[in-house]
Amino acid sequence: MEYNFREIEQKWQDQWKQQGAYKVSNPEPGKTAKPKYYVLDMFPYPSGAGLHVGHPLGYIASDIFSRYKRTKGFNVLHPMGYDAFGLPAEQYALEHGVHPAVSTANNIGNFRKQLDKIGFCFDWDRQVNTSEEGYYKWTQWIFLQLFKSFYNRKTAKAESIDVLVAAFEKEGNMNHICPADNALKFTADQWRGMSEQDQQDILMNYRLSFCGYGEVNWCEALGTVLANDEVVNGVSERGGFPVVKKKLRQWYLRITEYADRLLSGLETVEFSDAMKEMQTNWIGKSYGAEIDFEIQGLAGQSLRVYTTRPDTIFGVDFMVIAPEHELVDVLTMPEQLSAVQEYITYVKSRSERERMAEKRISGCFTGAYVLNPFNNQPIPVWISEYVLAGYGTGAIMAVPCGDERDLRFAKHFDIPVTNILGEAYNGVEANATKDAVLHNSYFLDGIVMRDAINIVLEKIEERGIGQRKVNYRMRDAAFSRQRYWGEPFPIKWINGIAYPLEESELPLILPKVDSYSAGPEGEGPLANIESWTSQHLETNTMPGYAGSSWYFLRYMDPHNAAEFCSKAASDYWGQVDLYIGGTEHAVGHLLYSRLWTKVLFDLGYISHEEPYKRLLNQGMIQGSSRFVYRLNITRDGAAVLNNEIYVSKGLADRYNAEELSFSELIAEVKSQFAALPAIDAGDTIAINPIHIDVNAVDGVELDVEAARKTRHNYVNAVFILENGKYICGAEVEKMSKSKFNTVNPDDLVVKFGADTFRMYEMFLGPVEMSKPWDTKGIEGVHRFLKKLWRLFFDELKGKVWVEEAPTAAELKILHRTIRKIEDDNERFSFNTAVSAFMVCVNELTDLKCHKKAILADLLVLLTPYAPHITAELWALLGNENILEAAYPVFDVKYVTESAKEYPVSINGKVRTNINIALDAAQADVEAIVLGNEVVIKWLEGKPHKKIIYVKGKMINVVV
RNA sequence: GCGCAUGUGGCGUAAUUGGUAGCCGCGCUAGACUUAGGAUCUAGUGGAGUGAUCCGUGGGGGUUCGAGUCCCUCCAAGCGCACCA
């Protein structure tokens, strides 16, 4: 009997499907026999391109871990679903007229087929699809909870908007500063006297999901707005289209109110430092102060700036305001009017993208001066685009000796620089230190900057010319899209007031449309539907991240028609214990889903406020591209050759490095391709690298016949070899179809089987690490599985496994492996675990060990990695269901050495007359000096180190 | 520019976290069984040297009895952020 993986894998996949073997149930109330464990993958967007070998990496890791936890006696939730709303499906619909629901369903079908072949243990009964009514009903419902809530800064949590209304009626808004407008103040009487419209407008400024006008990232090509994290370098993340700022009516999530809790929550979760860093940077909390500078000649009027360095107040040489600053008109003096107007026109002409791409120093003097509040020195006020209107107060105090940008600006416009840093400033580079001693700073002279910060802050507050202020870089998240393929907002507009739909009216079903083109005035396709607009329904839809912000909760209770997830279910499953996915969602999805979880927690719907306890970031699998070198010979601009000629890499390199002359190259080509047309010395030759399908290349050696099948042009092409081989060039790039470097998992599964594929993906290296795909080593893993098979069956002899009792040596191999695999699994070191399996099987093979007692335990260790072959062998040993098998317990006595005596050498040489000084840590070792030798005696049953110290010198123990 | 992580044989990687560097696999070399093998098995495989030995973890320096691991510095390629005052 040989290892027929195709038959075996098909058989077990069918059987498990039929049995519903991976079905996970929520425990009956009061019955919680098993502890729970929740392993989650970031669910995929079902794109039309299908899976490549990079996608399943994280899924395989999570699958192994889930199966492992199951053998450890946990009730494991390991679901999968689809993030099915989104732009690409709609773009496809625009181009091909296929309804997004149809193309999405097709893509999901493909994904599912591919995933099934790899043998995952997902409980498909719990599958979610964010574009299904039964799912998005609850996305809409949660949106309404946000809409009906505000963030109570007094209690630091979300509360019902009714609480706010009650407070307004009793005492106005004195206890609830308006997050959208600090200056808004009203009394209870004023509130009661307002029209409904005015009251609703005010409430909108408090709601956690709210509608307002604001500068948004408008992408004309996509016809919609984008969230900040969907814009990269001034162009859209999807498609790379230009993005401009535009004022539009938009829905937002008031995520800024949660900035602090999103920050502090990071301390309670196990994310990588890099991930925490990215989120922290995105939130961008900074501590500083707002300071008012009186405008010279305009008593009572002042310019307010934001600074994190009030200690540098005497180093302020000029002020800079953003071109959009509201005081531009007030500050512009008549003699500067035309210059300022010209500058503002210039700034407006520059797109966001230009501003990002070339950061040139530009600006204009307003003619106005403000007064330094501490010494009344006049300070000139400038306008420049390097100050952003949207951050702080849109105005800064510039301290050129301490800030590089300020210094560049000062130098460019010849503004004199005051040095408050003494020797710490060299006149060439700004120094942003906080540790220098202040100079030229009046009452601060001689004080270290770090300490001066507080002194200045206190003076400022004492004199009432400013106050401490915390700022965040993060903005409220744009939450509407002018597109079709998303969740409709459950909102009706009547007389300019947004009314939420009743829960009984949900789901608000996305209607069918005839065309996906944009509606009037920047509105989405829904604005073209008469039956929709006549009901005054909101025409925007929700962005892609809406459905993915809470899907981990739906998995817990996927079929609940009455709630998004029952409290009993979310209390049982709790946090996601292990979340696996890529880093690309660091600031988008991860931040939004943390926000939604916190709101649901505040409102009492769930009992935990951080969704993910532990996050594991899988590395990206890059493509390893291969190139062939095309010979282009032209005469007077026209191609000389009818055939396409490709030369091997060595020839191309040598020619390009001028080690090979024109005529030598032609001679080489001619020797292999006699039909080469005559070449003139005056012809020009170019050798161009061209991507070739990696699947036609073995390492770097091209399989010429396989290559001919990959592209039409290659059928009659001529390949010029070196040493009888065609060698390709290689380069690591992103995996993509256009670079012909994608490797399809289906092909590998057909050739080697799912078990081999799974183990090989893990064997490649640590899951967290990015690496280029290389299929070369897969045979080694496949050989391992065949070797394992031969421990049970021999091609000639048939069954070779026996019932005999194992020897101590065999038990030692087994128990060491049990411990090693457990350690490796627990720390997600799946690559070293695969190595350990290979060592184990090699050793058992060497010992000719075919004993059932050993082999059965080994199968249980291995089943998370290679579920099919282990199930088959387990059944052949006469055992019941391997999915129910428990992880074996290792016996310490086989793992560690038992009491034994070892001769000892010091640094490789045997020493005499040694005084032994044992560390406390090595107290499980006993050492005896015997003449020329030191004998080390290990006490039984404890793990040990092989090293002890003798009078400060190391002893190497030779075992 | 700032931040984060990384650098080990021909290649992917490992090293029990400061203790004999190179486990496991690929590739390569030699051999066995074969009509044949891209099947399987055996032996070898960091470099130099017949050898004992010596040299080796991107470069340089430091801490330590001892450094791939810790510290400083430089170099290289990678990811993230990018006028946030």
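Only heavy atoms go into these numbers, but all of them, side chains included; no hydrogens, no water, no symmetry mates. Naming convention: chains lettered A, B, ... in sequence-line order (proteins, then strands); numbering from 1 in each chain.
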Ionic contact status for A:E779 with A:K751, cut-off 4.0 Å:
no

Parallel, tilted or perpendicular: rings of A:F837 and A:F784 (30°, 60°):
tilted

Could you work out which one of B:A85, B:U40, B:C83 sits closest to the side chain of A:E385?
B:C83

Please state the P separation for the pair B:U63 and B:G10 - nearest whole angstrom.
32 Å

5′-ward residue of the pair A:M769/A:N842 relative to RNA chain B:
A:M769

Atom CD of A:E761 and atom P of B:G12: how far apart are they, to the nearest Å?
17 Å

Are A:K285 and A:N471 close enough that a side-chain donor and a side-chain acceptor fall under 3.5 Å?
no

With syn meaning chi within 90° of zero and anything else anti, the base of B:U17 is syn

Using only side-chain N and O atoms of A:N831, determine if any of them is under 4.0 Å from OP1 or OP2 of B:A14.
yes

Nearest-Å distance, NZ (A:K771) to P (B:G12)?
12 Å

Indicate the atoms forming the closest heavy-atom contact of A:L615 with A:L590, along with that distance.
CD2-CD2, 3.6 Å

Of A:Y760 and A:K786, whose closest RNA chain B nucleotide lies nearer the 5' terminus?
A:Y760

What is the distance, rounded to the nearest whole Å, between atom CG of A:N431 and atom P of B:A85?
17 Å

When the P atoms of B:U8 and B:G68 are compared, how many Å lie between them, rounded to an integer?
15 Å

Under 4.0 Å, heavy atoms only, any strand: does A:P766 hit a base, just the sugar-phosphate, or nothing?
sugar-phosphate

Just by distance, with hydrogens left out, do A:S362 and A:Y343 show a side-chain donor and acceptor under 3.5 Å apart?
yes

What is the distance, to the nearest angstrom, from the CD1 atom on A:I821 to the C1' atom on B:C24?
12 Å

Out of B:A39, B:C4, B:A14, which nucleotide sits closest to the side chain of A:A274?
B:C4

B:C41, B:A39, B:C24: which one has an atom nearest the side-chain heavy atoms of A:S835?
B:C24

Parallel under 30°, tilted from 30 to 60°, perpendicular over 60°: which one fits the rings of A:F413 and A:W382?
tilted

Pick base, sugar-phosphate or nothing for A:S272, based on heavy-atom distances below 4.0 Å to the nucleic acid.
nothing

Nearest-Å distance for atom pair CD1/C1', residues A:I453 and B:A85:
13 Å

What is the separation between atom OH on A:Y287 and atom C1' on B:A85, rounded to the nearest whole Å?
17 Å

Looking only at atom P, what distance separates B:G58 and B:A39, rounded to whole Å?
35 Å

Of the listed nucleotides (B:G27, B:A14, B:C24), which one gets closest to any side-chain atom of A:K776?
B:G27

Would you kindly say whether A:T280 and A:W282 are connected by a side-chain donor-acceptor distance under 3.5 Å?
no

Whole Å only: how far is the CG atom of A:L407 from the P atom of B:C83?
19 Å

How is A:D273 classified with respect to the nucleic acid when contacts are heavy atoms under 4.0 Å: base, sugar-phosphate, or nothing?
nothing

C1' spacing across the pair B:U69 / B:U57, given as an integer number of angstrom
10 Å

Which nucleotide in the set B:C4, B:A15, B:A85 lies at the smallest distance from any side-chain heavy atom of A:Y391?
B:A85

Report, as a single string ordered 5' to 3', how protein heavy atoms within less than 4.0 Å touch nucleotides 73-81 of chain B: B base, S sugar-phosphate only, - not at all.
-------S-

Expected output: side-chain A:H815 to main-chain A:Y894 donor-acceptor under 3.5 Å
no

Side chain to side chain contact (heavy atoms under 4.5 Å, CB included) against A:V381, all qualifying residues, sequence neighbours excluded:
A:L303, A:M319, A:I321, A:L331, A:T366, A:V370

Rounding to an integer number of angstrom, what distance separates B:C26 and B:U40 when you compare their P atoms?
10 Å

Parallel, tilted or perpendicular: which fits the ring planes of A:H782 and A:F5, with parallel below 30° and perpendicular above 60°?
perpendicular

I need the CD-C1' distance between A:E429 and B:G1, as an integer number of Å.
11 Å

Which glycosidic conformation, syn or anti, is assigned to B:G61 if syn requires a torsion within 90° of zero?
anti

If you measure from the C1' atom in B:G9 to the same atom in B:A15, how many Å do you get, rounded?
15 Å

In whole angstrom, give me the gap between the C1' atoms of B:G7 and B:A14.
16 Å

Is the distance between the ring centroids of A:F409 and A:F318 less than 6.0 Å?
yes

Nearest of B:G25, B:C41, B:A39 to any side-chain atom of A:R790?
B:C41

Is it the case that the side chains of A:Y760 and A:D755 hold a donor-acceptor pair, with the cut-off being a distance below 3.5 Å and no angle test?
no

Separation of the P atoms in B:G78 and B:U45, to the nearest angstrom:
36 Å

Could you check which of B:C4, B:A15, B:C83 has an atom nearest any side-chain atom of A:E277?
B:C4

May I ask you to say what A:K820 touches in the nucleic acid, namely base, sugar-phosphate or nothing, with a heavy-atom cut-off under 4.0 Å?
nothing

Measure from the side-chain heavy atoms of A:I396 and tell me the nearest of B:G25, B:A85, B:C83.
B:A85

Regarding A:N471, tell me which of base, sugar-phosphate or nothing describes its non-hydrogen contacts under 4.0 Å with the strands shown.
nothing

Can a salt bridge be assigned to the pair A:R790 and A:D794 using a cut-off of 4.0 Å between side-chain N and carboxylate O?
no

Side chain of A:T308 only, please: which of B:U40, B:A85, B:A14 is the nearest?
B:A85

Per-residue pairing states of RNA chain B in dot-bracket (Watson-Crick or G-U under 3.5 Å; . unpaired, | other strand) read ((((.((..(((......[....)))((((((.......))))))(((....)))..(((((..]....))))))).))))....

